[in-house]
Amino acid sequence: MSESTVREKSQEQVKVCVQKQRAYFNEGHTKPLATRVRHLEKLLRLLREHKPQIIEALRQDLNKSETEVYLTEIGLLIEEIRFTMKHLERWAKPKKVKTVKTHIGSKGYRIPEPYGVTLVVSPWNYPIQLALAPLIGALAAGNTVILKPSELTPACSHLLATLINDHFEEGLLYVIEGGVDTSQYLLKERFDYIFFTGSVGVGKIVMEAASKYLTPVTLELGGKSPCIVHKDADLKLAAKRIAQGKLTNAGQTCIAPDYLLLHEDIKSDFIAEYKRIVTSFYGEQPLKNEAYAKVVNERHFQRVKSYLDDGRIIFGGQVDERLEKIEPTLIEPSSEEVPIMREEIFGPVLPVLTYRNIDEVIERVNGGEKPLALYLFTKSSEVEEQIVNNISYGGGCINDTLMHIATPYLPFGGVGESGMGAYHGESSFSTFSHYKSVLKQTTLFDFSFRYPNAKNGLAILKRLFG
Ligand code: NAD
């Protein structure tokens, strides 16, 4: 499959689609809770019934292994839909809130309502999961959705279009396949919410376009996520969990450890453990291992490959041009200025840096953009507190990698350049809901002090706020 197999749409086609959804939403079809649950059930059924097609599409686009597909694509979605269906009734109920003493007699409510017509634009690295996960929250909250999957994973894009467009009403949920042009046509239209997952650069384009109609956005972006291994860490376990976090999908994961910060004392022991575990995962020749993912396309393959020139290779470093695969690699960068230290790597190449004390680490990470993820391996709660309390980042794990994304109880999102807003579990529902604040006032009595002609009004106010 090549990139060109996803055809661009015209501005007119996009416009018609948005108009249909606007009409569908205005007619009130998305509002009843029972209907929303039915939509989620249908999504769940489609995922379950089409597992073989999903596995095949992901194999074609990224050579993902079946295990990876279950762990990082299908499994996550199934869990998220089940969780949402279980809790939706409670989340969707108006919430009664307290009032203040000046408002005695009144009741306050926060009433979640759908925004309306929403747009979801997704990337290629988890082309099924990152396209469908936002839909769960959007549909649960009662919105309509236009989904624009990535053109770089055409098999997954076609599959999503076929599955969804054959089974859902166009006014409710529709997949528009296309690339940059289609995405830009979509961004010219008026939406009530835009949910974008992708690169920082395109995130800025999306936000600029959204500002035209003051459309609220969630931006799920990327960046350089540090992985710190302190001297007291369990090195065997750390190496195993870091290798999994880095090498799943050949490092093409927004929250993959981007670079290592190893305490000087454990550097060589850690490297030995990493080599050992990677060999046990993928064998002596990972490039030949069927379960080891490829880089998505030629352009990204050449980009990641070029990082191999940015320092001294400690481990790995071989590539297969034909299969577009790059070995799990450890590299000591030649300086801070080389591209591998300035750009998001998004591949299986892991730079190794060292530190002497934790303050150095804090200063270093805080000197860059706020990361999407941060991982720390230590047994010391003091070190843990130092890092967690002094560095701002989207989210992360202590003594693990990636796993914080896989629980609906933890909102997932970035901060600063790594994004804005969060989703998963209840926060997916709240992201796609506007909470309308309503005060219901009593008519049984009326405080006169609030009115301009009130006798003693000012005196009462002074007492209240004295
Ligand atoms: P990308 O920004 O190139 O593309 C994402 C989407 O935007 C695609 O659907 C694409 O068609 C569209 N697009 C591309 N250029 C555009 C333009 N000029 N105008 C309008 N739309 C445009 O990102 P990608 O290469 O698909 O994904 C990799 C990036 O996404 C990495 O930076 C990664 O960290 C990030 N990412 C973040 C998360 C997260 O959850 N935070 C998850 C996965 C990936």
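Atoms within each ligand, like the ligands themselves, are counted from 1 in listed order. Residues: numbered from 1 along the sequence shown.
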Task: Per-residue contact class, Ser418 against ligand 1 - non-hydrogen pairs under 4.0 Å - done: neither
TODO: Considering the heavy atoms of Glu220, write down every atom of ligand 1 situated less than 4.0 Å from one of them.
DONE: 37 (C), 38 (C), 39 (C), 40 (O), 41 (N)
Task: Aromatic Phe168 / basic Lys42 pairing, under 6.0 angstrom, 45° off normal - done: yes
Task: Ring center gap for His300 and Phe346 short of 6.0 angstrom - done: no
Task: Heavy-atom nearest option to atom 41 (N) of ligand 1, drawn from Thr253, Thr197, Leu221, Val206 - done: Leu221
Open item on the list: Can you confirm whether some protein heavy atom lies under 4.0 Å from atom 27 (O) of ligand 1, or whether none does?
Closed with: yes
Open item on the list: Heavy atoms only, cut-off 4.0 Å: how does Tyr126 contact ligand 1, side chain, backbone, both, or neither?
Closed with: neither
Open item on the list: Please check this pair: side chain of Gln21 against backbone of Val145, looking for a donor-acceptor N/O pair closer than 3.5 Å.
Closed with: yes
- [ ] Just go through Ser183, Pro127, Gly179 and tell me whose heavy atom is the nearest to atom 20 (C) of ligand 1.
- [x] Ser183
Task: Taking atom 24 (P) of ligand 1 as the reference point, the nearest protein heavy atom with its distance - done: Trp124 NE1, 3.4 Å
TODO: Answer yes when Arg364 and Glu336 have at least one side-chain N-carboxylate O distance shorter than 4.0 Å, and no when they do not.
DONE: yes
TODO: Determine yes or no for a side-chain-to-main-chain donor-acceptor pair under 3.5 angstrom, with Lys64 supplying the side chain and Gln60 the backbone.
DONE: no
Open item on the list: Tell me the nearest of Ala131, Gly394, Gly198, Gly222 to atom 29 (C) of ligand 1, using heavy-atom distances.
Closed with: Gly198
Open item on the list: To check your reading of the model: name the closest protein heavy atom to atom 7 (O) of ligand 1, its residue, and the distance in Å.
Closed with: Phe196 CE1, 3.4 Å
Open item on the list: Can you tell me which portion of Leu152 lies within the under-4.0 Å heavy-atom range of ligand 1? Options are side chain, backbone, both, or neither.
Closed with: neither
Open item on the list: I'd like to know if Lys305 pairs up with Glu321 as an ion pair, taking the criterion as any Lys NZ or Arg NE/NH1/NH2 lying under 4.0 Å from an Asp or Glu carboxylate oxygen.
Closed with: yes
TODO: Indicate yes or no: does Arg303 engage Glu298 in a salt bridge with an N to O separation below 4.0 Å.
DONE: no
Open item on the list: Between Lys246 and Gly347 (side chain of the first, backbone of the second, donor and acceptor by atom type, cut-off under 3.5 Å), is there such a pair?
Closed with: yes
TODO: Quick one: look at Leu372 and ligand 1, take heavy-atom pairs under 4.0 Å, and tell me if it's side chain, backbone, both or neither.
DONE: side chain
